[in-house]
Amino acid sequence: MNRFEVVTPRDLPNAVKLLSGRNHAALAGGVDLLDLLKQNIVAPQSLVNLKGVGAMDAIETDESGGVRIGALVKLSEVAANPTLRERYGAVAEAAAQAATPQVRNLATVGGNLLQRPRCWYFRHPDVNCLKKGGDRCYAPGGLNRYHAILGGGPSFIVHPSNLAPALVAFAASVKLIGPGGERTLELERFFTLPRIDPTRENVLDTGEVLIEVMIPAPAPGAASAYLEAREKQSFDWPLVSVAAIVVSDDTHLIRDARVVMGAVAPIPWRSHEAETALRGARLDSSAAARAAEVALKPAAPLSDNGYKVPIAKALVRRAVLRAGGIETA
Amino acid sequence: MPGNGDDQRVHRLSRRAFIKGAGAAAAAARLIGAAVPLPAVEVADNSSPNPDGAIAERLGPGAVTIELKVNGAARKITVEPRVTVLEVLRDHLGLYGTKLVCDRGACGACTIHLDGHPVVACMMLAVDARGHEIVTIEGLGTPDRMHPVQAAFVQADALQCGFCTPGMVMSIAALLEDNPSPNIDEIKRAVAGNICRCGTYPHVFNAALAAAKSRGAKPKGGNA
């Protein structure tokens with residue numbers, strides 16, 4: 001780890017000013033940042049401490065019935081929040097399943113969305129891969145069992161955030177403050193594919209700070225589910241995760257659905273195919289299975305990660321059924 | 001970071017060395033890291049130029065004197081801002097009960113309480129711990145006056161090599177503060193971030209259940 005200073009700006013505009021300079025990095029919970037520093041993946045001269053410069057640490061219900069989550073809110077607070085658990089179940093569940101209790105008490109919502117990928121080529125200090133500005137991604141010809149089966153190329157990372165698929169399912173937005181002022185962006189548009197720029201996972205500009213996540217009020221009759229499959233049950237990065245929202249009536253007629261997969265693509269992967277298949281259908285196990293089939297139809301596995309396809313199908317099917325109030329074995 | 005020729009380098013790495021380097025077995029990375037000589041400590045004051053008052057505080061990169069509250073006592077230490085809470089506890093305060101294993105927040109051996117909540121001490125900068133209450137295994141109980149969880153670990157034979165034990169005890173002690181009578185699933189979730197290579201989990205779960213029972217009998221032990 002290189003040496004660095006830790007600077008606490010007086011307020012957010014000054015944080016933006018500092019972060020616009022070269023070799024600065026934002027410090028919130030610090031969990032992913034310390035990992036990157038210890039691996040010598042980043043070497044900033046200055047950490048800009050965001051704690052105490054603005055509120056950013058509350059979960060609040062807004063006038064329109066939606067919820068605002070400050071970027072500095074801890075994952076453990078998201079997991080335990082009664083409003084989120086009741087109305088945005090998939091979000092609370094995704095937070096509860098992220099990392100370990102000891103990490104959830106440190107890691108923040110902003111950090112979870114902005115953390116860098118877990119790809120072992122990217123995390124290796126001696127490998128200069130495409131994502132670090134090198135000339136190629138080593139996953140296609142290398143060890144790729146944890147890599148992307150959808151949306152890959154030229155980099156094949158999977159997005160590491162647990163929260164992101166659940167938040168995208170609920171049509172969340174992020175508020176960013178930067179040198180040019182404030183902007184609000186749908187979370188779905190915040191993440192960006194490697195074919196646009198393989199060195200980044202999102203469109204956060206230099207100097208910009210993610211300050212808040214806003215989730216609109218769920219539609220009446222909406223219910224959600226979040227499921228993940230892992231190699232190790234106590235805690236692990238998911239092999240596949242699925243967040244599903246189903247808006248249905250008493251007869252299980254689906255008025256609307258959202259299906260977003262995690263750990264399968266470089267961004268949270270929303271399946272419009274699955275959503276279209278579900279809309280207007282009566283929810284039962286065959287409708288859920290059809291949605292799962294079409295969701296994974298575009299999958300293009302690498303040499304060692306084809307196993308993710310049947311896992312993702314199973315999770316899409318189960319998550320849709322669970323969100324629709326039908327329990328499965 | 002190499003540009004060309006790096007391709008060749010990847011292929012020279014053995015599978016085992018590669019996976020180690022990627023942090024999956026970060027203890028190896030730690031050994032490599034420890035071999036890098038640290039720059040000489042320069043004790044800088046905390047008052048760098050701040051003409052327009054835009055900066056509330058500037059620390060480092062040289063060593064700065066900070067105060068941490070550890071096991072109920074205010075402790076002054078002089079460290080660079082890159083130093084973690086774990087390094088302060090072990091290298092500066094001689095509190096070796098908090099173990100260094102993976103140094104990446106993945107094993108739980110360095111679990112401490114921060115304002116009563118379990119956190120990994122290796123993934124938190126010491127300067128970020130200012131103003132918070134830190135409790136380590138040493139602050140939980142002593143051999144003469146053991147915390148109920150410590151006593152239950154002895155009774156239930158809940159350790160083998162003992163390296164994960166302080167972290168396990170801290171996780172369970174924090175759980176019992178929030179939830180005095182947890183069920184087995186809640187106990188498993190509470191120690192989900194504590195890895196034991198000896199496989200003592202069944203005895204750890206028994207110890208947690210026993211500690212919950214003994215705490216029920218007498219109100220509260222230790223100062224956690």
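A, B, ... follow the sequence lines: proteins, then strands. Residue 1 opens every chain.
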Does a salt bridge link A:Lys38 with B:Asp103, judged by any charged N lying under 4.0 Å from a carboxylate O?
yes

Which bit of B:Ile112 comes within less than 4.5 Å of chain A, counting heavy atoms only: side chain, backbone, both or neither?
neither

Just by distance, do the side chain of A:Trp120 and the backbone of A:Leu143 share a donor-acceptor pair under 3.5 Å?
yes

Go through the structure and list residues passing side chain to side chain donor-acceptor pair (under 3.5 Å) with A:Asp236, not counting sequence neighbours.
none

Less than 4.5 Å to any heavy atom of chain A: does that hold for the side chain of B:Val127, its backbone, both, or neither?
side chain

Taking non-hydrogen atoms and a cut-off under 4.5 angstrom, which of residues 180-190 of chain B neighbour chain A?
B:Arg189, B:Ala190

Under a 4.5 Å heavy-atom cut-off, does chain B meet the side chain of A:Leu33, its backbone, both or neither?
neither

What residue in B:Leu114, B:Val191, B:Asp128 has the most heavy-atom pairs under 4.5 Å with chain A?
B:Asp128

Per-pair distances, 0.1 Å, donor-acceptor, side chain in residues 18-31 of chain A, under 3.5 Å, sequence neighbours excluded:
| residue | atom | partner | partner atom | Å |
| --- | --- | --- | --- | --- |
| A:Ser20 | OG | A:Val16 | O | 2.7 |
| A:His24 | ND1 | A:Arg22 | O | 2.7 |

At a heavy-atom distance under 4.5 Å, which candidate from A:Val6, A:Val53, A:Thr100 has the highest pair count against chain B?
A:Val6

Turns out that what part of A:Asn2 lies under 4.5 Å from chain B's heavy atoms comes down to backbone

Which of A:Ser76, A:Ser46, A:Pro101, A:Gly133 touches chain B most, by non-hydrogen pairs under 4.5 Å
A:Pro101

Going by atom types only, do B:Arg197 and B:Gln160 share a side-chain donor-acceptor pair under 3.5 Å?
no

Is it true that B:Glu177 and B:Arg215 make a salt bridge, defined as a side-chain N closer than 4.0 Å to a carboxylate O?
yes

Just by distance, do the side chain of A:Asn144 and the backbone of A:His147 share a donor-acceptor pair under 3.5 Å?
no

Using non-hydrogen atoms and a limit below 4.5 Å, what part of residues 102-114 of chain A faces chain B?
A:Gln102, A:Val103, A:Asn105, A:Leu106

B:Lys99 (side chain) donor-acceptor with B:Pro166 (main chain) under 3.5 angstrom
no

Checking the side chain of B:Lys76 only, and the main-chain atoms of B:Glu67 only, is there a donor and an acceptor separated by less than 3.5 Å?
no

Using non-hydrogen atoms only, which part of B:Cys122 is less than 4.5 Å away from chain A: side chain, backbone, both, or neither?
both

Distance alone, cut at 3.5 Å: any donor-acceptor contact between the side chains of A:Tyr226 and A:Asn162?
yes

Under the side chain to side chain donor-acceptor pair (under 3.5 Å) criterion, do B:Asn71 and B:Glu138 qualify, and how do the steps go?
CA-CA 8 Å; B:Asn71 297 332; B:Glu138 291 90 346; 4.7 Å; no

Going by distance alone, is a donor N or O of one side chain under 3.5 Å from an acceptor N or O of the other, for B:Thr65 and B:Thr78?
yes

B:Arg58/A:Glu5 ion pair, N-O < 4.0 Å:
yes

